[in-house]
Amino acid sequence: MEERTRAYLRGRFRDYYRRASIAPPPDASQREWGFIPWTEGPGTTMVRHRSLLELGALDEFLARKRPRHVYFSAGRYDDPSAGNMNRKGWRSSDLVFDLDADHLPGVSPTEDSYEKMLAVCKDALFRLLDILEDDFGFEDLTVVFSGGRGYHVHVRDDGVRALDREQRREIVDYVRGIDVEFDHLIEHKAVGGTAGRSSPAHKRSLVTDGGWSRRVHDRLDAFVDELLELPEEDALEKLREFDGIGEGKARGALTAAQNNRAQIAAGNVDVHPAFYQLARILSEDVLETGSAPIDEPVTTDTNRLIRLPGSLHGGTGLRVLRIDRDDLAEFEPLTDAVTEQFVGQDIRIDVTGTEDMPGGSQDSATISLGGDSFTIEPGAQTVPEHVGVYLMARGHAEKEKE
């Protein structure tokens with residue numbers, strides 16, 4: 001990044017922070033703070049091990065330092081400014097989850113647009129929240145758009161603060177569906193005696209009131225409804241599409257579904273051996289598509305630094321934005337996180353290349369920002385400022401003289 005570009009962004013970040021009012025996180029004085037300034041050179045230098053007492057009033061600090069990135073710790077400490085983690089005196093930590101679009105299954109950072117990657121990430125966010133709220137019963141959740149490639153979720157329920165790394169890793173494994181086996185989701189229920197035996201028979205059932213078992217049951221239940229609405233030959237053909245289910249098993253599973261709809265709705269998967277096999281197959285897909293591919297090191301690290309909501313992301317110029325849970329469905333990151341101060345005027349930039357942009361080629365790239373779509377080509381050009389800030393912060397352009 002050239003000095004002209006760095007100076008321009010540094011100045012515009014200062015303008016933003018002079019007007020912004022940013023709320024600190026709970027227990028802000030007990031947390032470590034860090035930031036990355038607009039320094040020269042190809043790398044970035046993190047300034048960390050600072051306390052809020054050292055930084056001073058948050059708004060004044062941000063306006064004075066106009067940092068490129070700002071962070072605070074998930075952990076709370078006796079002495080957050082101590083330069084050694086062992087001397088900080090750990091008290092507790094938030095449980096933090098990070099979803100990064102670059103790391104999601106089915107996403108190609110080189111082929112997919114930024115808009116598409118964030119849409120896929122938002123779908124994963126809803127799956128994560130479903131698990132955190134329904135399975136764990138967490139209530140004190142803060143959802144944040146990272147300003148970059150994804151979302152953060154901060155959990156601050158009293159019950160999670162003292163969890164150590166291994167306990168947090170168990171939560172990670174559950175959220176990601178790791179080591180969740182179909183057999184672990186099955187309950188064996190006694191159904192009475194059998195001829196010539198004093199011991200009762202058992203039926204295998206899925207629990208329908210929560211957890212991964214409920215998700216598998218919901219998928220199976222919906223699939224059965226879909227089967228029963230089809231003509232018989234179409235239903236059989238659909239069943240035969242699964243590996244290991246031929247004509248005989250398909251017919252057995254369909255007949256069981258037709259004759260035992262109420263039992264299946266109640267969770268019974270023992271209505272026929274082929275139906276039990278079908279439930280096992282569908283469970284594998286549920287675990288793959290229903291899990292949340294969170295970044296494990298973020299959640300297990302009790303000392304993790306995480307972006308400050310309300311700050312600007314130095315790699316995009318977008319706001320790190322806290323989102324009300326009720327507003328999440330309507331949230332559009334590439335519109336809602338655009339800074340108002342960067343809207344309403346044009347600037348001159350020199351685009352150094354477009355092939356490294358998401359979905360771009362050597363000739364051009366299309367980006368959606370602020371509710372509009374822009375075709376960007378290499379070379380000097382005039383663009384809306386919020387587009388220019390994004391391209392410069394991403395390293396795709398340099399500031400031209402006006």
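- The aromatic rings of His154 and His152 sit perpendicular, their planes meeting at an angle over 60°, well past the 30° parallel limit.
- Salt-bridge check for Asp123 with Arg127: failed, with every basic side-chain N at 4.0 Å or more from each acidic carboxylate O.
- Side chains of His69 and Arg307: a donor on one and an acceptor on the other come within 3.5 Å.
- Pairs engaging residues 263-286 under the salt bridge (charged side-chain N to carboxylate O under 4.0 Å, His left out) rule: Asp183-Arg280, Arg204-Asp270, Arg219-Asp285 [sequence neighbours left out].
- Rounding to the nearest 0.5 angstrom, the gap separating the OG atom in Ser146 from the CG atom in Asp100 is 7.0 Å.
- Pro358 has its side chain within reach of Met117: a pair of non-hydrogen atoms, C-beta onward, lies under 4.5 Å apart.
- Using a 4.0 Å cut-off between charged side-chain N and carboxylate O, Asp78 and Lys88 make no salt bridge.
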* To do: Using the side chain to side chain contact (heavy atoms under 4.5 Å, CB included) rule, take Val338 and Leu318 through it: C-alpha gap first, then chi angles, then the decisive distance, then the call.
  => CA-CA 5 Å; Val338 171; Leu318 297 174; 3.9 Å; yes

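- Residue pairs meeting the salt bridge (charged side-chain N to carboxylate O under 4.0 Å, His left out) criterion with at least one member in residues 324-339, sequence neighbours excluded, are Glu133-Arg325.
- Salt-bridge check for Glu296 with Arg169: passed, with a basic side-chain N closer than 4.0 Å to an acidic carboxylate O.
- The distance from the CD1 atom of Ile245 to the CG atom of Leu236 is 11.0 Å, given to the nearest 0.5 Å.
- Inter-residue side-chain proximity for Trp90 and Asn303 is flagged as met; some heavy-atom pair is nearer than 4.5 Å.
- In this structure, the side chains of Leu141 and Leu132 come closer than 4.5 Å at one or more pairs of heavy atoms.
- Here the side chain of Trp33 pairs a donor or acceptor atom with the backbone of Ala28 at under 3.5 angstrom.
- Salt-bridge formation is detected for the pair Asp301/Arg165: a Lys NZ or Arg NE/NH1/NH2 atom is positioned less than 4.0 Å from an Asp or Glu carboxylate oxygen.
- The aromatic rings of Tyr17 and Phe13 sit perpendicular to each other, their planes meeting at more than 60°, with 30° as the lower class boundary.
- For the pair Ser291 (side chain) and Gly177 (backbone), a donor-acceptor distance under 3.5 Å is absent.
- Annotation: side chain of Pro25 is in contact with side chain of Arg31 (closest heavy-atom distance under 4.5 Å).
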* Would you sort out whether Thr354 and Asp363 count as a side chain to side chain contact (heavy atoms under 4.5 Å, CB included), showing the intermediate values? => CA-CA 7 Å; Thr354 53; Asp363 300 323; 5.8 Å; no

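- With respect to the salt-bridge test (charged N to carboxylate O, under 4.0 angstrom), the residues Asp94 and Arg76 qualify.
- Shown here is Gln345, whose CD atom has more than 12 heavy atoms of other residues, nucleotides or ligands within 6.0 Å.
- Contact record, Leu99 with Cys121: O-SG, 3.6 Å, taken as the closest heavy-atom pair.
- The NZ atom of Lys249 sits 14.5 Å away from the CZ atom of Arg240 when rounded to the nearest 0.5 Å.
- By the neighbour-count criterion of 12 heavy atoms within 6.0 Å, atom CD of Glu288 is sparsely surrounded, having that number or fewer from other residues, nucleotides or ligands.
- A salt bridge links Arg10 with Glu3: at least one charged nitrogen is closer than 4.0 Å to a carboxylate oxygen.
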* Tell me, with the steps shown, if Arg319 and Tyr16 meet side chain to side chain contact (heavy atoms under 4.5 Å, CB included). => CA-CA 10 Å; Arg319 287 184 294 165; Tyr16 168 78; 3.6 Å; yes

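- Contact between Thr142 and Arg156 at its shortest, heavy atoms only, is OG1-NH1, 3.4 Å.
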* To do: Go through the steps to decide whether Tyr174 and Phe136 satisfy the test ring-ring contact (aromatic ring centres under 6.0 Å, His included), and finish with yes or no.
  => CA-CA 10 Å; Tyr174 182 90; Phe136 290 97; 5.3 Å; yes

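- Between Tyr71 and Leu308, every side-chain heavy-atom pair lies at or beyond the 4.5 Å cut-off.
- Contacts classified as salt bridge (charged side-chain N to carboxylate O under 4.0 Å, His left out) and involving residues 223-238 (residues at least two apart or in different chains) are given here: Asp225-Arg261, Glu226-Lys238, Glu232-Arg251.
- At least one side-chain heavy atom of Val153 sits under 4.5 Å from a side-chain heavy atom of Leu125.
- With respect to Arg215 and Asp135, a salt bridge is recorded, a charged nitrogen being found less than 4.0 Å from a carboxylate O.
- Phe61 CZ to Glu54 CD: the interatomic distance, rounded to the nearest 0.5 Å, is 10.5 Å.
- With contacts defined as side-chain heavy-atom distances shorter than 4.5 Å, the pair Asn268/Leu206 does not qualify.
- Checked against ring pair (Phe, Tyr, Trp, His ring centres under 6.0 Å), His396 has no partners two or more places apart in sequence or in another chain.
- Distance check: Leu254 CG to Leu278 CG gives 10.5 Å after rounding to the nearest 0.5 Å.
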* Checking salt bridge (charged side-chain N to carboxylate O under 4.0 Å, His left out) for the pair Arg214/Asp218: CA distance, chi angles, key distance, verdict? -> CA-CA 6 Å; Arg214 190 251 317 165; Asp218 288 350; 3.5 Å; yes

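- Not counting sequence neighbours, Phe126 has no partner by the ring pair (Phe, Tyr, Trp, His ring centres under 6.0 Å) test.
- Ser29 and Asp27 share no side-chain donor-acceptor pair at under 3.5 Å.
- Closest heavy-atom contact between Pro378 and Gln362: CG-O, 3.6 Å.
- With a 4.5 Å cut-off on side-chain heavy atoms, Trp212 and Val286 count as touching.
- Inspection of the Glu398 and Thr5 side chains reveals an N or O donor paired with an N or O acceptor under 3.5 Å.
- No donor-acceptor pair under 3.5 Å is formed between the side chain of Thr339 and the backbone N or O of Phe342.
- Considering Gln30, Glu32, Arg91 as possible partners of Tyr77, the one that fulfils the side-chain contact (heavy atoms from CB on, under 4.5 Å) test is Glu32.
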* To do: Given side chain to side chain donor-acceptor pair (under 3.5 Å), test Asp350 with Thr352 step by step and report yes or no.
  => CA-CA 6 Å; Asp350 181 15; Thr352 54; over 6 Å; no

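- The salt bridge (charged side-chain N to carboxylate O under 4.0 Å, His left out) analysis of residues 105-115, with sequence neighbours excluded, yields the pairs Asp112-Lys116.
- Atom NE2 of residue His386 and atom CG of residue Asp346 lie 9.5 Å apart, to the nearest 0.5 angstrom.
- The aromatic rings of Tyr114 and Tyr390 sit parallel to each other, their planes meeting at less than 30°, with 60° as the upper class boundary.
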